[in-house]
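Single-structure report; data block below.
Here the structure is a predicted model, which is why all the values come from computation and not from measurement.
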Amino acid sequence: MANKKKILILGTAYPFRGGLAAYNERLAEELQQTDEVEIWTFTIQYPKLFFPGKSQFSDDPPPKHLRIKRMINSVNPLNWLITGRKIRQWKPDIIITKYWLPIMGPSLGSLLRLGKRKDTRVIAILDNVVPHEKRPGDVPFTRYFLKPVDAFIAMSQSVLNDLRMFEKHKPASLIPHPIYDNYGPIISKTAARQQLKLDPAKKYILFFGFIRQYKGLDLLLKAMADERMKQLDVHAIVAGEYYEDAAPYQELLARLQLGDRVLMHTDFIPNEAVKNYFCAADLVVQPYKSATQSGISQIAYHFEKPMVVTKVGGLVEMVPDGIVGFQAEPDPGSIASAIEKYYKENREADMVAAVQEEKKQYSWSRLANEIYKLAETKNH
């Protein structure tokens, strides 16, 4: 017991929902196999003004066996002072925090400055350094966050490249996003389609996740209007909540007359239902216009689903072309061609086998080992 390290994860966790919470909670599970781990999450994560969805909160029961405390108000500097002192008093050996939006730079950067002691090591896991949707303050907020960090883990080469524009010398590793294996076991395609009341004989592709402009749902809808998709009778399932105005997408659906071939499930998908969507699909399509990496790929890997991804950011690092899926240009015609190729060449069986092999490298233990390794390195 005496040798246990004290590890503090600062960031999103229950009762907040979504990929950031799932990541931090799964990482805590991995680290607490050997060490003492707490997650300190938000009392206020985003003011309502900055949050585009319907709710930030989960309806699921709290995760068992995790110590999660609601401590951080992302917009109240007085809270940062108080919480920073409490971090110091807790005396963590390692502080881990994810960085995904510059708007989090002031709060997290202040907590790290106030909370770290001389022998505390701070590791930042970078989703993005340069955000998809740029806003005033991005650069100074990011610089402020990066300064007290001792070492970094980037989840794609493009993020590592972005980091080196800001921070040239501190230790940094590239560890791809581990697999999201916390959405339950794989079920049969037949059982999943029964759950979703889908035709067992039809072809279904899946677009999954929050709907935002950079994720390219409009490109997929235009691809679905391609004559080749009609001839193949491909159906698309769109499963995810609108994080922007729904009207342009609804107008596109109507104009392209896609009503019966695109199923819109635009409520938040609860954790226990995620497996139904992935297991029901033949293929997961990520038609992004820009990306660093995507947790959607890692859910697809867990459920052993081939993918079509666009050639942007880190997506191409995750999906070897022609092996576990196809890479396409961020263009409706190119996306339609990749989907057509998958079905016409009957690639499901060999690509599923390749996914099963490829997924072995994306383990949580690999990420945990890298965190421990970086915590031992000293800056020069």
Side-chain angles (χ1 to χ4, degrees), residues 18 51-55 131-135 192-193 196-269 273-274 276-278 280-291 294 296-297 299-300 305-313 315 319 325-344:
F51 183 73
K54 293 173 191 165
S55 172
H132 300 292
E133 295 145 337
K134 294 181 171 45
R135 296 181 180 90
R193 290 186 176 187
L196 297 176
K197 300 181 170 55
L198 300 175
D199 188 326
K202 286 196 185 299
K203 300 179 179 77
Y204 289 101
I205 62 173
L206 175 67
F207 174 100
F208 189 89
F210 299 132
I211 298 167
R212 307 187 78 143
Q213 204 273 333
Y214 74 88
K215 292 191 176 183
L217 177 58
D218 56 325
L219 300 182
L220 180 60
L221 295 179
K222 288 170 185 171
M224 285 296 294
D226 188 293
E227 199 55 46
R228 294 169 292 172
M229 295 299 94
K230 291 181 189 171
Q231 286 171 3
L232 282 167
D233 196 27
V234 174
H235 290 62
I237 308 163
V238 176
E241 189 180 341
Y242 282 112
Y243 264 42
E244 59 186 11
D245 184 11
Y249 298 101
Q250 290 163 346
E251 186 274 327
L252 203 53
L253 283 162
R255 179 161 54 82
L256 299 174
Q257 299 180 324
L258 293 171
D260 60 335
R261 287 180 41 246
V262 177
L263 308 173
M264 301 294 287
H265 293 217
T266 54
D267 290 326
F268 181 81
I269 310 299
V274 170
N276 297 331
Y277 287 93
F278 279 84
D282 304 316
L283 187 65
V284 175
V285 182
Q286 297 176 74
Y288 290 19
K289 298 173 184 176
S290 70
S294 169
I296 307 305
S297 302
I299 307 176
K305 289 296 167 180
M307 291 164 262
V308 167
V309 299
T310 43
K311 297 178 186 176
V312 295
L315 291 182
V319 181
F326 292 113
Q327 298 173 7
E329 298 300 330
D331 162 82
S334 182
I335 293 165
S337 293
I339 297 167
E340 178 192 36
K341 195 171 184 186
Y342 177 78
Y343 284 113
K344 281 209 160 170

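The distance from atom CD of Glu244 to atom CG of Leu217, rounded to the nearest 0.5 Å, is 9.0 Å. A distance of 14.5 Å separates OH in Tyr242 from CZ in Phe210, rounded to the nearest 0.5 Å. Between the NZ atom of Lys311 and the CZ atom of Phe326 there is a distance of 12.0 Å, given to the nearest 0.5 Å. One distance of note links OG of Ser334 with CD of Gln327; it measures 10.0 Å at 0.5 Å rounding. The line from CD of Gln286 to OG1 of Thr310 is 8.0 Å long, rounded to the nearest 0.5 Å. Atoms CG and OH, from Leu198 and Tyr277 in turn, are 8.5 Å apart once rounded to the nearest 0.5 Å.
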For a side chain to side chain contact (heavy atoms under 4.5 Å, CB included) check, start with the C-alpha distance between Leu219 and Asp331, then their side-chain angles and the critical distance, and finish with the verdict.
CA-CA 6 Å; Leu219 300 182; Asp331 162 82; over 6 Å; no
Should Ile339 and Met229 be marked as a side chain to side chain contact (heavy atoms under 4.5 Å, CB included) after you check the CA-CA gap, both sets of side-chain angles, and the distance that decides it?
CA-CA 8 Å; Ile339 297 167; Met229 295 299 94; 3.7 Å; yes
Give the intermediate values and the outcome of side chain to side chain contact (heavy atoms under 4.5 Å, CB included) for residues Asp260 and His235.
CA-CA 8 Å; Asp260 60 335; His235 290 62; 5.9 Å; no
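Looking only at side-chain heavy atoms (C-beta outward), Thr266 and Glu241 stay at 4.5 Å or farther from each other. Taking the side chain as every heavy atom from C-beta outward, Lys289 and Asp218 approach each other to under 4.5 Å. Contact check for Gln250 versus Met264: no side-chain heavy atoms found under the 4.5 Å cut-off. No side-chain heavy atom of Lys230 sits under 4.5 Å from any side-chain heavy atom of Met224. Between Ile237 and Phe207 the shortest side-chain heavy-atom distance does not fall below 4.5 Å. Between Met307 and Val285, the closest side-chain pair of non-hydrogen atoms is not below 4.5 Å. With a 4.5 Å cut-off on side-chain heavy atoms, Leu263 and Val238 do not count as touching.
Looking at every heavy atom in both residues, Ile335 comes nearest to Pro287 through CD1-CB, 3.7 Å. Between Tyr342 and Pro306 the shortest heavy-atom distance is OH-CG, 3.6 Å. Leu256 and Lys222 get closest at one heavy-atom pair: CD1-CA, 3.9 Å. Nearest heavy-atom pair across Ala280 and Leu196 is CB-CD1, 4.0 Å.
The pair Glu340-Arg228 meets the salt-bridge criterion, since a charged nitrogen lies less than 4.0 angstrom from a carboxylate oxygen. Checked for salt-bridge contact, Arg193 and Asp199 miss the test: no charged N lies under 4.0 Å from a carboxylate O.
A donor-acceptor pair is defined here as one N or O able to donate and one able to accept, closer than 3.5 Å; no such pair exists between the side chain of Arg261 and the backbone of Asp233.
For the pairing with Lys215, the side chain to side chain contact (heavy atoms under 4.5 Å, CB included) check across Phe208, Tyr288, Tyr243 returns one residue only, Tyr288. Of the candidates Leu220, Asp282, Val308, Ile205 forms a side chain to side chain contact (heavy atoms under 4.5 Å, CB included) with just one, namely Leu220.
Other residues, nucleotides and ligands contribute over 12 non-hydrogen atoms within 6.0 Å of the CD atom of Glu251.
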